[in-house]
J.: 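This is the structure, below, for whatever I ask next.
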Amino acid sequence: MLTLLSNAKINLYLEIVGSRTDGFHELVMVMQSVALCDRITLNPISGPSITINCNHPQVPTDHTNLAYKAVTLLQKRFPNRTNRCGGIEITIDKKIPVGAGLAGGSSTAAAVLFGLDILWKMGLTRLELQEVSAELGSDIPFCLAGGCAIATGRGEEVDVLPKSPKLFAVLAKYESISVSTPWAYKTYRQQFAHTYLPLDDRATLAERRARVHSSDMLKSIGARNATAIGTHLHNDLEKVVLPAHPKVTQLKSSMAEIAQTNGGIGTMMSGSGPTVFSLTETLEAAEAVKQEVRSRFNDPDLKVFVAPFTSHGIVTKA
Ligand code: C5P
């Protein structure tokens, strides 16, 4: 039996560059792991079955769960290394909100790939793990690597960045509001396709990537300048998700104001949302923002968490 902890991520920067020939979007993102984690237990069982247990009612426990797909993909890609391993029971103790823009499902899948490689003694190389994780989902290579990274392509091309300063994220999500990632990108395409780089313009794309590599956000991280990181937060998907969810728009503007008066350094929606986060430099400031958000909204549907930045994606638990 093996237990793993899989961390959530936030996007410090998310820019949609254009369309790709595979139907996905070309992205430039800066991702950061935060210490809000699910606990994944892998239990080998005899026979070929894959079973999933989860304490969260919205998480499917059948073949549509990314964790299930992670197992079958490993079996398909590496038949010689998996065919004598039997089945697996996966137990997910979920703390990361679902449908939240925090890569909860992707990080569980990353934990399953990472854990089965160990449990089944597959001896996968880092490259093999990266390739199989990229096939499974755009965010999964980052979830495996963890820490702070720039992600390009679909999001699956991950370059680890120097450690960001030790900041704290106050995360707020309405339990009853979830955003579908395909919906967010499809709606963005409907409204903003006219701003996309032409598909065949590889030169412009390379220039754009190079520009982002030397962007204000990366300079701020390189300089470990917390205030500048807070100033340069950016997420293109806010343009479609916020207008569709007025409660989230209201939450973001209140959190920005609360953060400003309580030592916060910036507020933004993460990924395809609807989680909104404020960054602070100290735990005390983060707790103050959390308390003020809770008391101002006084809504049991609004869940608020404090999660420090962490340099880990997946870790095994003794
Ligand atoms: O890769 P993943 O399964 O996480 O993507 C979910 C959906 O989000 C895709 O099916 C696609 O609709 C959209 N997406 C996109 N461009 C990306 C990543 C995701 O259009 N780079």
Side-chain angles (χ1 to χ4, degrees), residues 4-17 27-38 96 100-104 106-107 109-111 114 126 129-130 133-134 137-171 209-237 259 264-273 275-283 285-286 305-315:
L4 305 114
L5 301 178
S6 62
N7 282 312
K9 65 87 186 145
I10 56 173
N11 298 81
L12 300 177
Y13 187 93
L14 190 162
E15 180 184 347
I16 299 177
V17 178
L27 305 177
V28 180
M29 301 188 284
V30 178
M31 323 269 262
Q32 172 66 52
S33 300
V34 293
L36 170 64
C37 61
D38 292 341
I96 304 173
L102 298 173
S106 295
S107 69
F114 186 84
R126 183 185 284 258
L129 259 178
Q130 289 290 328
S133 63
S138 310
D139 282 349
I140 303 179
F142 170 75
C143 291
L144 269 176
C148 185
I150 183 160
T152 51
R154 281 193 289 123
E156 89 290 15
E157 290 175 34
V158 175
D159 293 306
V160 174
L161 290 169
K163 230 178 175 176
S164 42
K166 184 87 187 161
L167 300 179
F168 297 83
V170 185
L171 308 163
R209 280 190 182 181
R211 254 209 327 272
V212 175
H213 273 272
S214 58
S215 70
D216 290 333
M217 176 55 82
L218 291 209
K219 279 189 215 151
S220 310
I221 292 169
R224 301 178 63 76
N225 183 337
T227 316
I229 291 172
T231 307
H232 297 298
L233 296 172
H234 174 83
N235 184 351
D236 274 339
L237 287 173
I265 54 175
T267 298
M268 179 68 40
M269 186 184 82
S270 181
S272 54
T275 303
V276 175
F277 65 88
S278 291
L279 300 182
T280 68
E281 291 184 80
T282 65
L283 180 58
F305 309 84
V306 169
F309 282 19
T310 172
S311 50
H312 302 293
I314 311 294
V315 286

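On a predicted model such as this, the values are computed, not experimentally measured, just so you know.
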J.: Find out whether K166 and P308 are in side-chain contact, i.e. whether some heavy atom of one side chain is under 4.5 Å from a heavy atom of the other.
T.: yes
J.: Do N7 and K9 meet the criterion of a side-chain donor-acceptor pair at a distance under 3.5 Å?
T.: no
J.: List for me each residue that meets salt bridge (Lys or Arg N to Asp or Glu O under 4.0 Å) alongside D139, sequence neighbours excluded, and say none if there are none.
T.: none
J.: Kindly indicate whether the side chain of L27, heavy atoms from C-beta on, has any atom under 4.5 Å from the side chain of I16.
T.: yes
J.: With rounding to the nearest 0.5 angstrom, report the CE to CG distance, M29 to N235.
T.: 10.0 Å
J.: Among D216, I150, V30, find the one that has a side chain to side chain contact (heavy atoms under 4.5 Å, CB included) with I221.
T.: V30
J.: Side chain of N11, backbone of G271: donor and acceptor closer than 3.5 Å?
T.: yes
J.: Under the 3.5 angstrom rule, does the side chain of R154 hit a backbone N or O of A134 as a donor-acceptor pair?
T.: yes
J.: Among L233, L161, T231, which residue meets the side chain to side chain contact (heavy atoms under 4.5 Å, CB included) test with M217?
T.: L233
J.: Does any non-hydrogen side-chain atom of L102 lie less than 4.5 Å from one of I10?
T.: yes
J.: How long is the straight-line distance from CD1 of I229 back to SG of C148, given to the nearest 0.5 Å?
T.: 7.5 Å
J.: Looking only at non-hydrogen atoms, find the nearest pair between A259 and T267 and report the distance.
T.: CB-OG1, 3.9 Å
J.: For F142, does its backbone N or O pair with a side-chain atom of Q130 as donor and acceptor, under 3.5 Å?
T.: no
J.: What are the two closest heavy atoms between N225 and P165, and how far apart are they?
T.: N-CG, 4.5 Å
J.: Less than 4.5 Å apart, any side-chain heavy atom of E281 and any of L167?
T.: yes
J.: Counting N and O atoms only, with roles assigned by atom type, does the side chain of S133 sit under 3.5 Å from a partner on the main chain of I140, one being a donor and the other an acceptor?
T.: no
